[in-house]
J.: 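First, the structure itself, so that you have it in front of you.
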Number of protein chains: 2
Amino acid sequence: MSPMNDPHHAAPEVSGQELTALLHARGQRATPQRLVILRELRRRGEHSSADELRRSIQAELPGTSIPTVYATLDLLVELGLARRVDGGSGPALYDPRVDPHHHMICRRCGRVEDLDQSVDAESLLQAASDRGFAGESVDVVVSGICSSCAGT
Amino acid sequence: MSPMNDPHHAAPEVSGQELTALLHARGQRATPQRLVILRELRRRGEHSSADELRRSIQAELPGTSIPTVYATLDLLVELGLARRVDGGSGPALYDPRVDPHHHMICRRCGRVEDLDQSVDAESLLQAASDRGFAGESVDVVVSGICSSCAGT
DNA sequence: ATTGGTGCAAATCCTTTGCAATAGC
DNA sequence: GCTATTGCAAAGGATTTGCACCAAT
């Protein structure tokens, strides 16, 4: 049941069982909330806010609290299973894609879209390092107006 | 596409008198708050929050309210005289530098430092355009740990 | 049985809004 | 004199914190 065998990419699709293992390795617990939130974040296939996710899992896990959703999303980011995208206005959005890509954020409606266009992250990290800054990740955001907002 | 419409390439040093002219051209008023906030943002020479600026101008303009500072900073960004940097946690910071450059944000202390290292903004904007997204600006943020937090 | 995690409520922080009074033009 | 802009107060929204109970190991 585990056709995934690619040690060279930060697992884009860690299964529920693998999440359980990851957590146990850190002395943490595999709760239904954690498993369901990760699954739901992926199932939605878009950039979701904490509250959207909470509503999205209501049927399956009624009563899940918003602090738990935030804590779980923080944990997923820490585990490298999600990315947090800060649009500047509105709530933070969480992205199930963890492979290198960037984002376009509409300044009118706030929607976030993926952008598969690489930048030279290496030289940015090197430049940061030269200034004594230990860079860990590079986030690129193109701000502007999305097609649906421009059309209307 | 007029270059006047690109906030990241606006005149790097518009004087107080020029700010007055810019405002009048838009039917807006040159208030002491606006002139002093722009001058103070530049004098501080770092990335400042709205509240830091409010405290910073207390001696000169006592009683200046926080809504006024926010409104003024929004206006300066719109005029291309400042950039807003969203770190994701903590308040938004405003940057008096409007020429092309990027940012390093410490995830421990939240401080923002400039990074003079170019990325290929043109190809990013082109890629966005290909997807129907009218990109206006590109923001690049390197997240990590700054030298002072690294405990050198 | 241990102790990490959850839900609840409330707190906190940042930013915006409504409105009467003020001040720039 | 107009009316844009201000200060005040309050609202609003997002996220975090404190704590008692619960449940995964």
Side-chain angles (χ1 to χ4, degrees), chain A residues 16-17 19-38 47-55 57-58 60-79 82 84-94 107 109-110 112, chain B residues 16-17 19-38 47-55 57-58 60-79 82 84-94 105 107-110 112:
Chain A
Q17 289 161 42
L19 173 55
T20 298
L22 270 176
L23 288 165
H24 287 177
R26 293 163 49 110
Q28 296 182 291
R29 295 171 184 176
T31 65
Q33 290 87 345
R34 289 171 177 173
L35 297 171
V36 169
I37 287 170
L38 175 59
H47 306 83
S48 309
S49 70
D51 200 55
E52 283 165 351
L53 284 165
R54 186 186 52 80
R55 288 195 301 271
I57 65 174
Q58 266 301 307
E60 191 167 358
L61 288 179
T64 301
S65 71
I66 193 67
T68 294
V69 178
Y70 275 106
T72 299
L73 289 170
D74 281 353
L75 179 60
L76 293 178
V77 169
E78 202 181 324
L79 291 172
R84 178 181 164 146
V85 184
D86 289 292
S89 77
L93 299 182
Y94 293 82
R107 69 170 159 81
C109 70
V112 174
Chain B
Q17 287 167 39
L19 173 55
T20 298
L22 270 176
L23 288 166
H24 287 177
R26 294 163 49 109
Q28 296 182 292
R29 296 172 183 176
T31 64
Q33 289 87 344
R34 288 171 176 173
L35 297 172
V36 169
I37 287 170
L38 175 58
H47 304 84
S48 308
S49 70
D51 200 56
E52 283 165 351
L53 283 165
R54 186 187 53 80
R55 289 196 301 272
I57 64 173
Q58 266 300 308
E60 190 167 359
L61 288 179
T64 301
S65 70
I66 192 69
T68 294
V69 178
Y70 275 106
T72 299
L73 289 170
D74 281 353
L75 179 60
L76 293 178
V77 169
E78 202 181 324
L79 291 172
R84 178 180 164 146
V85 184
D86 288 293
S89 78
L93 299 181
Y94 293 83
I105 305 186
R107 69 170 161 81
R108 190 171 304 173
C109 70
V112 174

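Every chain is numbered from 1 and lettered A, B, ... according to where its sequence line falls, protein lines coming before strand lines.
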J.: Could you measure the distance from the CG atom of B:Asp86 to the CG atom of A:Asp86? Nearest 0.5 Å is fine.
T.: 7.5 Å

J.: I need a per-nucleotide contact map over nucleotides 18-25 of chain C, read 5' to 3'. Cutoff is protein heavy atoms under 4.0 Å; write B for the base, S for backbone only, - otherwise.
T.: -----BBS

J.: To the nearest 0.5 angstrom, please state how far the CZ atom of A:Arg84 sits from the CG atom of A:Leu76.
T.: 13.0 Å

J.: What does the inter-axis angle of the helix from C:dA1-D:dT25 to C:dC25-D:dG1 come out as, five pairs per end, nearest 10 degrees?
T.: 40°

J.: Which side chain to side chain donor-acceptor pair (under 3.5 Å) pairs, counting each pair once, include a residue from residues 60-71 of chain A, with sequence neighbours left out?
T.: A:Arg39-A:Glu60, A:Ser65-A:Thr68

J.: Report which part of the nucleic acid B:Thr64 touches: base, sugar-phosphate, or nothing (heavy-atom distance under 4.0 Å, all strands).
T.: sugar-phosphate

J.: Are side-chain heavy atoms of A:Leu23 and A:Thr31 found at a separation under 4.5 Å?
T.: no

J.: Indicate the atoms forming the closest heavy-atom contact of B:Leu93 with B:Gly110, along with that distance.
T.: CD1-O, 4.3 Å

J.: CG/A:Leu79 to CZ/A:Arg26 distance, rounded to the nearest 0.5 angstrom?
T.: 5.0 Å

J.: Looking for any heavy atom pair under 4.0 Å, which part of the strands does A:Ala92 touch: base, sugar-phosphate only, or nothing?
T.: sugar-phosphate

J.: Taking DNA chain D as the partner, which of residues 68-78 of chain A come within under 4.0 angstrom of it by heavy atom?
T.: A:Tyr70

J.: Output the distance between atom CZ (A:Arg34) and atom OG1 (A:Thr20), rounded to the nearest 0.5 Å.
T.: 10.5 Å

J.: Specify the separation, in whole Å, of atom CD1 of B:Ile66 and atom C1' of C:dC14.
T.: 9 Å

J.: Taking atom P of C:dT15 as reference, at what distance in whole Å does atom CG of B:Leu93 sit?
T.: 9 Å

J.: Which is the 5'-most and which the 3'-most nucleotide of DNA chain D that has an atom under 4.0 Å from a heavy atom of chain A?
T.: D:dA14 to D:dT25

J.: Tell me, do A:Leu53 and A:Leu73 make a side-chain contact under 4.5 Å, heavy atoms counted?
T.: yes

J.: Contact between B:Leu19 and B:Leu38 at the side-chain level, heavy atoms closer than 4.5 Å - yes or no?
T.: yes

J.: For a 4.5 angstrom cut-off between non-hydrogen side-chain atoms, does B:Pro32 reach B:Leu61?
T.: yes

J.: Separation of A:Leu19 atom CG from C:dG5 atom P, in whole Å?
T.: 12 Å

J.: Between CZ of A:Arg55 and CD1 of A:Ile57, what distance do you get to the nearest 0.5 Å?
T.: 11.5 Å

J.: With sequence neighbours left out, write down each residue that passes salt bridge (Lys or Arg N to Asp or Glu O under 4.0 Å) with A:Arg29, or none if nothing qualifies.
T.: none

